[in-house]
Colleague: 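My questions all concern the structure below.
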Amino acid sequence: MPTTDDQVERVRALVASIPPGKVATYGDIAAAAGLSTPRTVGWIMRTDAADLPWHRVIGAGGKPAAHLADRQLRLLATEGVPIDDGRVNLRAARFPFP
């Protein structure tokens, strides 16, 4: 089933709502947006997130994407996100969507 414009806008709004110093996983965003899979969030982030705080979206294990790891961890550290050995401390930094 193709991704709808409404789904894209819901994901974009959720990502935009993550405050500095907090993160969300692809799965968190998928659940909050009512999507069946975090992969849809990944696709949307790859194709339509240049103007969003993309660095606040991470994998479920707290690790950033390998090809963006240095840049993403640097941006998150600047915001005060706790990082331990290249992994975000999700207990401390996870943003709870309403």
Side-chain angles (χ1 to χ4, degrees):
M1 176 180 272
T3 304
T4 67
D5 289 343
D6 182 55
Q7 290 171 324
V8 170
E9 290 310 312
R10 277 187 294 187
V11 167
R12 288 180 51 78
L14 288 165
V15 172
S17 75
I18 304 168
K22 294 293 183 182
V23 298
T25 68
Y26 293 95
D28 295 338
I29 296 166
L35 300 174
S36 61
T37 176
R39 291 180 183 266
T40 303
V41 176
W43 177 82
I44 292 167
M45 294 298 294
R46 270 192 317 277
T47 59
D48 192 24
D51 61 334
L52 296 173
W54 60 268
H55 60 286
R56 297 180 190 145
V57 181
I58 60 171
K63 292 186 86 174
H67 68 287
L68 297 171
D70 291 338
R71 184 173 176 210
Q72 189 168 15
L73 290 175
R74 187 174 58 252
L75 290 168
L76 292 172
T78 300
E79 294 183 355
V81 172
I83 299 167
D84 303 312
D85 196 28
R87 186 182 306 261
V88 171
N89 180 333
L90 287 174
R91 274 198 182 147
R94 186 177 242 154
F95 179 68
F97 290 108

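Given the structure is predicted, the values throughout are model-derived calculations rather than measurements.
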Colleague: Taking it one step at a time, do Leu35 and Thr3 satisfy side-chain contact (heavy atoms from CB on, under 4.5 Å)?
Modeller: CA-CA 10 Å; Leu35 300 174; Thr3 304; 5.9 Å; no
Colleague: Cut-off 3.5 Å, no hydrogens considered: what does the side-chain donor-acceptor table look like for residues 71-78, sequence neighbours left out?
Modeller:
unit_1 : atom_1 : unit_2 : atom_2 : d
Gln72  : NE2    : His55  : O      : 3.0
Gln72  : NE2    : Val57  : O      : 2.8
Thr78  : OG1    : Arg74  : O      : 2.9

Colleague: Only counting residues at least two apart or in another chain, list the ones meeting salt bridge (Lys or Arg N to Asp or Glu O under 4.0 Å) with Asp5.
Modeller: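 Per chain and number, Asp5 pairs via salt bridge (Lys or Arg N to Asp or Glu O under 4.0 Å) with no residue.
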Colleague: Using side chain to side chain contact (heavy atoms under 4.5 Å, CB included) as the criterion, list what pairs up with Thr4, not counting sequence neighbours.
Modeller: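 For Thr4, the residues satisfying side chain to side chain contact (heavy atoms under 4.5 Å, CB included) (neighbours in sequence not counted) are Asp6, Gln7.
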Colleague: Search all heavy atoms of Pro82 against all heavy atoms of Ala92 and return the closest pair with its distance.
Modeller: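 Nearest pair, atom of Pro82 first, then Ala92: CG-CB, 3.6 Å.
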Colleague: Is there a side-chain contact between Ile29 and Pro38 (heavy atoms, below 4.5 Å)?
Modeller: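 The answer is no; the side chains never approach within 4.5 Å.
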Colleague: Kindly write out the residues that satisfy salt bridge (Lys or Arg N to Asp or Glu O under 4.0 Å) with Asp84, not counting sequence neighbours, or none if the list is empty.
Modeller: none
Colleague: Ile18, Val8: one ILVMFWY side-chain cluster at the under-4.5 Å cut-off?
Modeller: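 Yes; Val8 is reachable from Ile18 via cluster members.
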Colleague: Listed by chain and number, what are the side-chain hydrogen bond (donor to acceptor under 3.5 Å, both in side chains) partners of Thr40, not counting sequence neighbours?
Modeller: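 Thr40 satisfies side-chain hydrogen bond (donor to acceptor under 3.5 Å, both in side chains) with no residue once adjacent residues are dropped.
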Colleague: Run the side chain to side chain contact (heavy atoms under 4.5 Å, CB included) test against Ala49 and tell me which residues pass, sequence neighbours left out.
Modeller: Met45, Leu52
Colleague: Name all residues meeting the side chain to side chain contact (heavy atoms under 4.5 Å, CB included) criterion together with Ala32; count only those two or more places apart in sequence or in a different chain, and write none if there are none.
Modeller: Leu14, Phe97
Colleague: Show every side-chain hydrogen bond (donor to acceptor under 3.5 Å, both in side chains) that has at least one partner inside residues 12-31, sequence neighbours left out.
Modeller: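 Pairs touching residues 12-31 that pass the test: Arg12-Asp51, Thr25-Asp28, Asp28-Arg94.
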Colleague: Tell me the closest heavy-atom pair linking Arg56 and Pro20, and the distance in Å.
Modeller: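 That would be NH2-CG, 3.4 Å.
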Colleague: Quick check: closest heavy atoms across Val23 and Val88, and the distance to 0.1 Å?
Modeller: CG2-CG1, 3.8 Å
Colleague: In a table with atom names and distances, give each donor-acceptor pair under 3.5 Å that connects a side chain of residues 60-70 to protein atoms at least two apart or in another chain.
Modeller:
none

